[in-house]
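A quick write-up on the structure given underneath.
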Amino acid sequence: MRDTLVLNASFEPLSTVTLNRAVVLVLQDKAVVEQAHPELRLRGAQVDIPAPRVIRLCRYVRVPFRRQAPWSRRGVLVRDRHRCAYCGRRATTVDHVLPRSQGGQDTWLNTVAACAEDNHRKANRTPEEAGMALLREPFEPTPADAMLLALGAEELGALPEWLARDAA
Ligand SMILES: [Zn+2]
């Protein structure tokens, strides 16, 4: 669906996010709608809001756009939407693709979200050694991810059920 422009609290454009994420930011009181689609409203049992075209963050965030976002475990989980890179179920741990015992580093490209079970099963082995395939390759966070990290957003992938149903 359409992307929504995100402005910083200072009105400076930051990034774009999907409409779904924009709505979640508004519902979580992290952003307000500055400009809405003229004819598109999102309706649920208890909510009726204009589909945001432009939103503005309620608090100013400093986002290092020109630099790489600093690596963190929480950042890896947010980047991967708390989904295990090996099985797709909910992830609560961070796995080093090349294990630290083999010289693997804390970098965006060497770490993925993993469920505790898979992380334990893989142990100090590479995916090849463990016979476990990555469902997706690790990647550098996008500017949108970096912004959401700076916002302290934990769970932005999930759309409220009523909205997922209505938007479909
Ligand atoms: Zn898993």
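The analysis underlying the following values was restricted to heavy atoms, covering all of them including side chains, and did not include hydrogens, waters or symmetry mates. In listed order, ligands and their atoms are each counted from 1.
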> Which atom names give the shortest non-hydrogen contact between C84 and L135, and what distance separates them?
Replying inline: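 In this case the closest contact between C84 and L135 is O-CD1, 4.0 Å.
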
> Applying the side chain to side chain donor-acceptor pair (under 3.5 Å) test to W71, which of T111, T107, D106 qualifies?
Replying inline: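 Testing each of T111, T107, D106 against W71, the sole residue satisfying side chain to side chain donor-acceptor pair (under 3.5 Å) is T111.
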
> Which protein atoms of type N, O or S are found under 2.8 Å from the Zn ion (ligand 1)?
Replying inline: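 Short answer, with waters excluded from the count: C84 SG, C87 SG, C115 SG, D118 OD2.
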
>> Applying side-chain contact (heavy atoms from CB on, under 4.5 Å) to R89 and R83, what does each step give before you reach the verdict?
In response: CA-CA 5 Å; R89 286 179 303 169; R83 293 284 157 223; 5.6 Å; no

Would you say [X]'s side chain and [Y]'s backbone share a donor-acceptor pair under 3.5 angstrom?
X	Y	value
R79	W108	yes
Q102	P99	no
T93	A114	yes

